Amino acid sequence: MPEWPEMENYRIQLAARIAGQPVTGVQVTREKSINVMPEQFAAELVGRTVWYVERRGKFLLFHLDNGKRLLLHLMLDGLIQFKPAAEKPERSVQVTIGFPKGELRFIGLRLGYIHILTAKEVDAQLQALGPDPFDRRLTLERFKQLFAGKRAALKSALVDQHVIAGIGNCYADEIAFAAGVRPDIRIPSLEAADWERLYKAMREVLHDALSAGGYMELPLDSDDTLTGGYNERCLVYDRGGEPCLRCNGTIVQSEASSRKIFFCPACQKER
DNA sequence: AGATGTACCCGGACGC
DNA sequence: TGCGTCCGGGTACATC
């Protein structure tokens with residue numbers, strides 16, 4: 001599923017394409033993807049200008065010129081594309097938002113959604129989100145504090161959006177590997193040196209993943225050429241049974257807090 | 001605090 | 001080729 005690097009890549013790509021552009025048309029083919037009647041959804045959008053696109057965790061926020069926002073969450077396997085209106089979509093599109101330069105298409109939305117909300121409603125909905133991994137105020141000290149008092153497995157806290165916003169299944173495992181601790185290690189077992197490595201690993205992994213366009217191949221359009229490059233650089237995620245590229249041992253797939261985890265038993269400490 | 005379960009949703013995998 | 005069945009997983013919420 002799209003996580004921090006994928007959504008951040010989308011945000012950057014979208015900024016170059018739709019910031020400052022007016023909405024020229026709206027088409028809703030799946031009402032469940034939106035939160036109001038399709039006519040109202042269209043009426044609220046057509047003629048409005050998108051000032052800019054913001055990312056919060058795995059959410060994207062489209063800021064409209066009347067103060068309202070579009071809140072997007074892709075959940076499991078949603079994706080977006082920005083294509084010329086003349087180019088036929090290959091897959092069924094649930095929602096289309098037209099701009100002068102092309103159509104923004106929302107595809108594969110199942111649990112995912114695109115909601116029109118007031119700023120207040122968005123704030124209420126996202127109020128409990130944890131800090132962004134690259135928040136300037138997120139020092140090592142604060143990072144450690146986010147986990148204070150927790151006894152759960154590291155993995156469940158890393159993917160908890162109330163702790164840090166944007167990390168999911170793939171990057172949690174990659175971060176744990178980079179830090180040399182197993183995803184199922186109990187939080188109280190982590191020592192000062194582990195926290196330092198985790199903090200550093202979180203930023204390095206996510207930064208590298210963004211540089212490679214994320215691990216999922218999700219090009220916004222044909223100009224979005226750098227996408228999915230991190231897939232071949234994943235060292236543990238979805239590599240159960242395969243050799244560890246660091247020690248040549250075998251990557252294990254297991255479970256922690258009823259979540260799938262991947263790790264190298266030799267490279268990552270258990271406690 | 002956290003584990004567990006439920007609902008939401010449907011493409012894709014699987015079985016026949 | 002086609003049909004039925006089942007699963008997965010991010011998030012919110014209830015329950016224990």
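Quantities reported herein were computed from a predicted structural model and do not represent experimental measurements. Each chain gets a letter, A, B and so on, in the order its sequence line appears, and its residues count up from 1.
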Legend entry - C:dG9 phosphate, OP1 or OP2, under 4.0 Å from A:K260 side-chain N/O: yes
Legend entry - Spacing between A:H162 atom NE2 and B:dA1 atom P, to the nearest angstrom: 12 Å
Inset, instruction - Report yes if at least one side-chain N or O of A:K32 is closer than 4.0 Å to OP1 or OP2 of B:dC8; otherwise report no. - result: no
Inset, instruction - Nearest whole angstrom, please: distance from the P of B:dG2 to the CD1 of A:I187. - result: 6 Å
Legend entry - A:F177 ring center within less than 6.0 Å of A:F262 ring center: no
Inset, instruction - Would you please confirm or rule out a distance under 4.0 Å between OP1 or OP2 of C:dT11 and any side-chain N or O of A:H73? - result: yes
Inset, instruction - Tell me yes or no: between the side chains of A:R30 and A:S33, is some donor less than 3.5 Å from an acceptor? - result: yes
Inset, instruction - Name the residue closer to the 5' end of DNA chain B, choosing between A:S92 and A:M75 according to the nucleotide with the nearest heavy atom. - result: A:M75
Inset, instruction - Let me know the distance between CG of A:D160 and C1' of C:dG10, rounded to the nearest Å. - result: 11 Å
Legend entry - Phosphate OP1/OP2 of C:dG10: any A:Q161 side-chain N/O under 4.0 Å: no
Inset, instruction - Calculate the interatomic distance between A:Q125 atom CD and C:dC13 atom P; express it in whole Å. - result: 9 Å
Inset, instruction - Verify whether one side chain among A:Q40 and A:E44 offers a donor that lies under 3.5 Å from an acceptor in the other. - result: yes
Legend entry - Length of the line joining A:L158:CG and C:dT11:P, which is rounded to integer Å: 14 Å
Inset, instruction - Kindly say if A:S257 contacts the phosphate of B:dA3, meaning a side-chain N or O under 4.0 Å from OP1 or OP2. - result: yes
Inset, instruction - Decide if the gap between the ring center of A:W195 and the ring center of A:F147 is smaller than 6.0 angstrom. - result: yes
Legend entry - Nearest-nucleotide pick for A:R151, side chain only, options being B:dT4, C:dG10, B:dA1: B:dA1
Inset, instruction - Answer yes or no: does a side-chain N or O of A:R186 lie under 4.0 Å from OP1 or OP2 of B:dG2? - result: no
Inset, instruction - Quick one: label A:R30 by what it contacts on the DNA or RNA (base, sugar-phosphate, nothing), any heavy atom closer than 4.0 Å. - result: sugar-phosphate
Inset, instruction - Grab the CE-P distance between A:M1 and C:dT11 for me, whole Å please. - result: 9 Å
Inset, instruction - May I ask you to say what A:D77 touches in the nucleic acid, namely base, sugar-phosphate or nothing, with a heavy-atom cut-off under 4.0 Å? - result: nothing
Inset, instruction - Report yes or no: do A:Y113 and A:H73 form a side-chain donor-acceptor pair below 3.5 Å? - result: no
Legend entry - Length of the CZ-P vector between A:R259 and C:dC7, whole Å: 19 Å
Inset, instruction - With the side chain of A:A152 defined as its heavy atoms from C-beta on, choose the nearest nucleotide among C:dG10, C:dA12, B:dG2. - result: B:dG2
Legend entry - Nearest-Å distance for atom pair CG/C1', residues A:L111 and C:dC13: 15 Å
